[in-house]
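Residue numbers run from 1 in the order of the sequence given. Heavy atoms only: backbone and side chains are in, while hydrogens, waters and symmetry mates are out.
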Amino acid sequence: MFLANYLVNGDKPFPINQAHRFAMTDSGRETYEMVAKRPVNGSNFDEILRLRNRVLNGIVANGADVNFVKTHNTAGLVQGQDMVPKEITRAAIYIVRNPLDVALSYARHFNRSHEHAAMALARADNWLPGENRLVAQVLGRWDQHVMSWARPSGYPTLVIRYEDVLADPEAEFTKVLNHIGIPIEPERLKKAVNFSSFKALADQEKGSGFVEKPDHAQAFFSKGQSGQWKTELAPTLKKKIRSDHRKVMKKFGYLDE
């Protein structure tokens with residue numbers, strides 16, 4: 001939404017339900033069915049992997065100068081399939097978040113317990129089944145997912161922390177624009193940050209709804225905070241998550257809290 005607001009540079013916030021105009025998903029069922037020329041079983045993981053290269057190449061071949069592609073998938077090889085081929089990837093931006101807070105967000109989004117979420121973050125075979133408008137997506141363990149993007153690859157990757165974006169959005173989004181190669185205009189930057197703030201997005205959802213909100217949830221944009229785990233996560237689960245992901249948590253400063 002920041003990129004949409006910055007690029008459009010309008011006099012009001014860009015509509016959240018039109019975000020797909022600026023960043024299409026790599027897991028849209030419609031795109032897979034266009035490539036396959038038939039209905040696709042979104043939860044048939046083997047079928048999704050077989051079609052993935054054709055889907056990604058189809059995105060690249062749409063004639064645009066730049067394509068922003070939103071993904072929840074791990075990078076690297078999955079059953080021999082390169083999930084983010086360097087041949088068609090100019091650059092990447094990866095947002096990392098404290099897994100202690102990720103567990104809470106995961107539980108809320110999928111309507112599961114905190115215990116289930118903590119277990120899911122530690123499973124190498126964790127993946128999201130295809131449903132509604134999406135096909136299956138590969139997550140894997142939280143620490144492995146992070147490092148699949150953060151380690152050196154064939155394209156430059158900017159890694160930013162969710163917590164830093166909350167604390168100083170102008171500084172972090174300046175990094176994003178520099179990484180992409182978009183000229184920075186200070187006043188335009190401030191306006192885009194304001195238009196894509198959590199409050200602005202939540203207000204839009206209250207007014208017009210949001211297509212990505214799970215059916216069970218009262219709202220997609222719930223709190224937009226960091227550190228909720230300190231009061232909401234059970235001590236046993238804090239200990240488990242730290243134990244499961246200690247090395248990568250330390251690398252990104254999440255053991256210092």
side-chain contact (heavy atoms from CB on, under 4.5 Å) between W149 and V159, worked out: CA-CA 8 Å; W149 287 96; V159 179; 5.8 Å; no
Hey, does [Y] have a side-chain heavy atom less than 4.5 Å from the side chain of [X]?
X: T31; Y: V135; result: no
X: Y106; Y: L139; result: yes
X: F22; Y: L3; result: no
X: K175; Y: I93; result: no
X: D143; Y: D244; result: no
X: S153; Y: K86; result: no
X: Q228; Y: L100; result: no
X: I180; Y: V66; result: no

Spell out, as yes or no, whether a donor-acceptor pair under 3.5 Å connects the side chain of [X] to the backbone of [Y].
X: R133; Y: S27; value: no
X: S196; Y: A192; value: yes
X: N126; Y: A120; value: yes
X: K191; Y: N5; value: no
X: N194; Y: K190; value: no
X: N73; Y: V138; value: yes
X: K240; Y: M119; value: no

Do you reckon [X] sits in the same ILVMFWY cluster as [Y], going by side-chain contacts under 4.5 Å, direct or chained?
X: V35; Y: V40; answer: yes
X: I182; Y: F14; answer: yes
X: L255; Y: V146; answer: yes
X: L104; Y: M249; answer: yes
X: L49; Y: L128; answer: yes

Within a radius of less than 6.0 Å around [atom1] of [X], do more than 12 heavy atoms belonging to other residues, nucleotides or ligands occur?
X: R123; atom1: CZ; result: yes
X: E170; atom1: CD; result: yes
X: I184; atom1: CD1; result: yes
X: M147; atom1: CE; result: yes

side-chain contact (heavy atoms from CB on, under 4.5 Å) assessment of F68 paired with L7: CA-CA 12 Å; F68 294 116; L7 293 172; 3.9 Å; yes
Nearest heavy-atom neighbours spanning [X] and [Y]:
X: W229; Y: D101; answer: N-OD1, 3.0 Å
X: A124; Y: Q144; answer: CB-OE1, 4.1 Å
X: G42; Y: I48; answer: O-CG1, 3.8 Å
X: G130; Y: R29; answer: C-NH2, 4.0 Å
X: R90; Y: D65; answer: NH2-O, 3.4 Å
X: I241; Y: A103; answer: CD1-CB, 3.8 Å

When rounded to the nearest 0.5 angstrom, what distance separates [atom1] in [X] from [atom2] in [Y]?
X: L56; Y: T89; atom1: CG; atom2: OG1; result: 7.5 Å
X: R141; Y: T74; atom1: CZ; atom2: OG1; result: 12.0 Å
X: K247; Y: K251; atom1: NZ; atom2: NZ; result: 9.0 Å
X: L121; Y: H116; atom1: CG; atom2: NE2; result: 9.5 Å
X: N53; Y: M83; atom1: CG; atom2: CE; result: 10.0 Å
X: H72; Y: T25; atom1: NE2; atom2: OG1; result: 7.0 Å

Parallel, tilted or perpendicular: ring planes of F173 versus F2, cut at 30 and 60 degrees: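 Rings of F173 and F2: parallel, under 30°.
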Charged N-O contact under 4.0 Å between R52 and D26: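 Salt bridge between R52 and D26, a charged N being under 4.0 Å from a carboxylate O: yes.
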Sidechain N-carboxylate O distance under 4.0 Å for R50, E47: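 Judged by the 4.0 Å cut-off on N to carboxylate O distance, R50 and E47 do not form a salt bridge.
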side-chain contact (heavy atoms from CB on, under 4.5 Å) evaluation trace for V78 with F45: CA-CA 11 Å; V78 176; F45 198 52; 3.9 Å; yes
With Y254, the side-chain hydrogen bond (donor to acceptor under 3.5 Å, both in side chains) member among E163, R242, H245, R97: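 Filter result, single survivor: E163.
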Y162 and V102: CA distance, side-chain angles, deciding distance, side-chain contact (heavy atoms from CB on, under 4.5 Å) verdict: CA-CA 10 Å; Y162 176 85; V102 170; over 6 Å; no
Distance flag, aromatic centroids of Y94 and H145, threshold under 6.0 Å: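 Judged by ring-centre distance (under 6.0 Å), H145 and Y94 do meet the cut-off.
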